[in-house]
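Take a look at the structure below.
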Amino acid sequence: MAAAAHSLLHPPATRNGPTPTPSPSPSLFLRLPVPPAARSRHPHRLRSTSPAAAADLTAFPNPSDIFPPIDVDAATEVELRENGFRSTRRTKLICTVGPATSSPAQLEALAVGGMNVARINMCHGDREWHRGVIREVRRLNEEKGYAVAVMMDTEGSEIHMGDLGGAASAKAEDGEVWTFSVRAFELPLPERTINVNYDGFAEDVRVGDELLVDGGMARFEVIEKLGPDVKCRCTDPGLLLPRANLTFWRDGSIVRERNAMLPTISSKDWLDIDFGIAEGVDFIAVSFVKSAEVIKHLKSYIAAKSRGSDIAVIAKIESIDSLKNLHEIIRASDGAMVARGDMGAQVPLEQVPSIQQKIVQLCRQLNKPVIVASQLLESMIEYPTPTRAEVADVSEAVRQRADALMLSGESAMGRYPEKALSVLRSVSLRIEKWWREEKRHEALELQGVSSSFSDKVSEEICNSAAKMANGLGADAVFVYTKTGHMASLLSRCRPDCPVFAFTTSTSVRRRLNLQWGLIPFRLSFSDDMDSNLNRTFSLLKARGMIQSGDLVIAICDMLQSIQVMNVP
Ligand SMILES: Nc1ncnc2c1ncn2[C@@H]1O[C@H](COP(=O)(O)OP(=O)(O)O)[C@@H](O)[C@H]1O
Ligand SMILES: C=C(OP(=O)(O)O)C(=O)O
Ligand SMILES: [K+]
Ligand SMILES: [Mg+2]
């Protein structure tokens, strides 16, 4: 391969071939792209790579007797084979795990179906249940070769109903009078009584206020206050689900009195976070973020508490406060979630689509992964096919090139979790393909995100590599990255081909699984790029994941270079 790469240092001067520019730093060199004319499915005609050299896996010291030489995600491997190299899925998929999906067989079915991240919502379930799910996902990864990451989502200090004394749901009919109370009740709950978790509730509401369950799934009017009990008349009948979110409205505006002072991370959340750190979750999603400070605070807590581990902090954008401080919050976080469920209960629904687009674009500018969440396929909780409108909504999120789509109730407690996942998968594939065919590159001017010179060099390299990949019709970009940073900078460019990200750490690999277009592998590698490439080509060829002649652009974060080559 040394010979192969060397041959690329002498490209003929073609109309497309840019002239090499002197490097601003001695550590940076650019290996020129292979001209289109030289691109061939039969690279052995182009140069004299020794197959023996390419196959020599022992040349580089590798603890392969302990670890497999490369960890390839079993589900991605199948998808790559099914769809082909360039057409493999770029949009990542998150499933909320709940009673419908927590058994080993159900979790495995989701992993097979393309789940990249499993989310557990700390609003529901107990410690043992959460632990069981996390460990089962880890076991599947280890034993069956998946790379599913785990995201813990905090409960946060929202106002919500109690758990209905164990009932699965309750129906509120038009005109019925229900009692919402902050009292602690003995079970069974009195009839038409709902427990409210926020102690200030009975004092804060006023007669005449409107009470919305789950942003409007049912609606009540406050008619009388009796100490801890608030009598409400149902004005919009609907289904009440355990722990459903509650908002109250006065003169058309949401009321946020003392509840606006509730901490973003409650004392229960801190216990959950300690649990998440101890169990080694990959992401912590923080509910109802109001400011960047809380994110910074949590990040420094995690850094102090779990030296060496890298848990990413995701800011859930779901309140009016988070919209006010959007830039700072996203800048402070490792990613964001457009949490449309609660957001839709706080801002008029017709504003949610433009807010979504704005957050997706801002995250891209700031190089943070972004998740579009809630009600993507809501009807599939009950039905085996989605509505046309839901398919259009999923398509729009894919078209915006969000990093990831998330299932909530559809996978947590719906009747068709696997079908819902497969709808996300097929719609993502179809829209991505359509956009590539139409060559509709999003007209998003990417501004610089790096502050240090060395980061700027990395960013320019990634921008150039992605541009070259598009211009040359490359089959893949390979990036060798220790921290994952260069991989995310490449993902940010949303190139036409997939990005194979090789990293030495299993936790970085799982974290990269959230980002658009990245196919993360665990691989030990050295500073010698030729040797890394030889090893990777051999390993991936042996698994049938790449073929001789595939055009690959390779970059790495130790050696700031761009190489273009055909797989020998
Ligand atoms: N661990 C769990 N145990 C029981 N039910 C769950 C669990 N996780 C999720 N659910 C159910 O799935 C629904 C949708 O999940 P999600 O959107 O995460 O929660 P929420 O609707 O409370 O915001 C929940 O309302 C709840 O009924
Ligand atoms: C994802 C969301 O948060 P949760 O499901 O925890 O309410 C949301 O509100 O959209
Ligand atoms: K939550
Ligand atoms: Mg929410």
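We count ligands from 1, going down the list as the structure has it; atoms in each ligand are counted the same way. Everything quoted here is computed from the prediction, not taken from an experiment.
Near T96, meaning under 4.0 Å from one of its heavy atoms, ligand 1 places the atoms 18 (O). Distances below 4.0 Å separate heavy atoms of S408 from the following atoms of ligand 1: 17 (O).
Heavy atoms of R119 found under 4.0 angstrom from ligand 2 belong exclusively to the side chain. Residue contacts with ligand 2 for M343 are absent, since no atom lies close enough (heavy atoms, distance under 4.0 Å). Contacts between N245 and ligand 2 below 4.0 angstrom, taking non-hydrogen atoms only, are absent altogether.
By the criterion of a separation under 3.4 Å, the protein N/O/S atoms near the K ion (ligand 3) amount to N121 OD1, D153 OD1, T154 O, S287 OG.
With respect to atom 24 (C) of ligand 1, the closest heavy atom belonging to the protein is H124 NE2, 3.5 Å. In terms of protein heavy-atom proximity, atom 23 (O) of ligand 1 is closest to N121 ND2, 4.0 Å. Among protein heavy atoms, the minimum distance from atom 10 (O) of ligand 2 is reached at S374 OG, 2.5 Å. Ranking the protein heavy atoms by distance from atom 2 (C) of ligand 2 puts A339 CB, 3.6 Å first.
Heavy-atom separations between R119 and ligand 1 include at least one value shorter than 4.0 Å. The closest approach between a heavy atom of R243 and any atom of ligand 1 is not below 4.0 Å. The shortest separation from a heavy atom of N245 to ligand 1 is not under 4.0 Å, leaving the residue out of contact.
Distance alone, capped at 3.5 Å, places no donor-acceptor pair between the S491 side chain and the A487 backbone.
Residue G341 has at least one N or O atom closer than 3.5 Å to an N or O atom of ligand 2. On a distance-only criterion, S287 and ligand 2 share no N/O pair closer than 3.5 Å. Where the criterion is an N or O separation shorter than 3.5 Å, residue side chain and backbone included, K316 meets it with respect to ligand 2.
Less than 4.0 angstrom separates atom 21 (O) of ligand 1 from none of the non-hydrogen atoms of the protein.
The pair R243-D163 does not meet the salt-bridge criterion, since no charged nitrogen lies less than 4.0 angstrom from a carboxylate oxygen.
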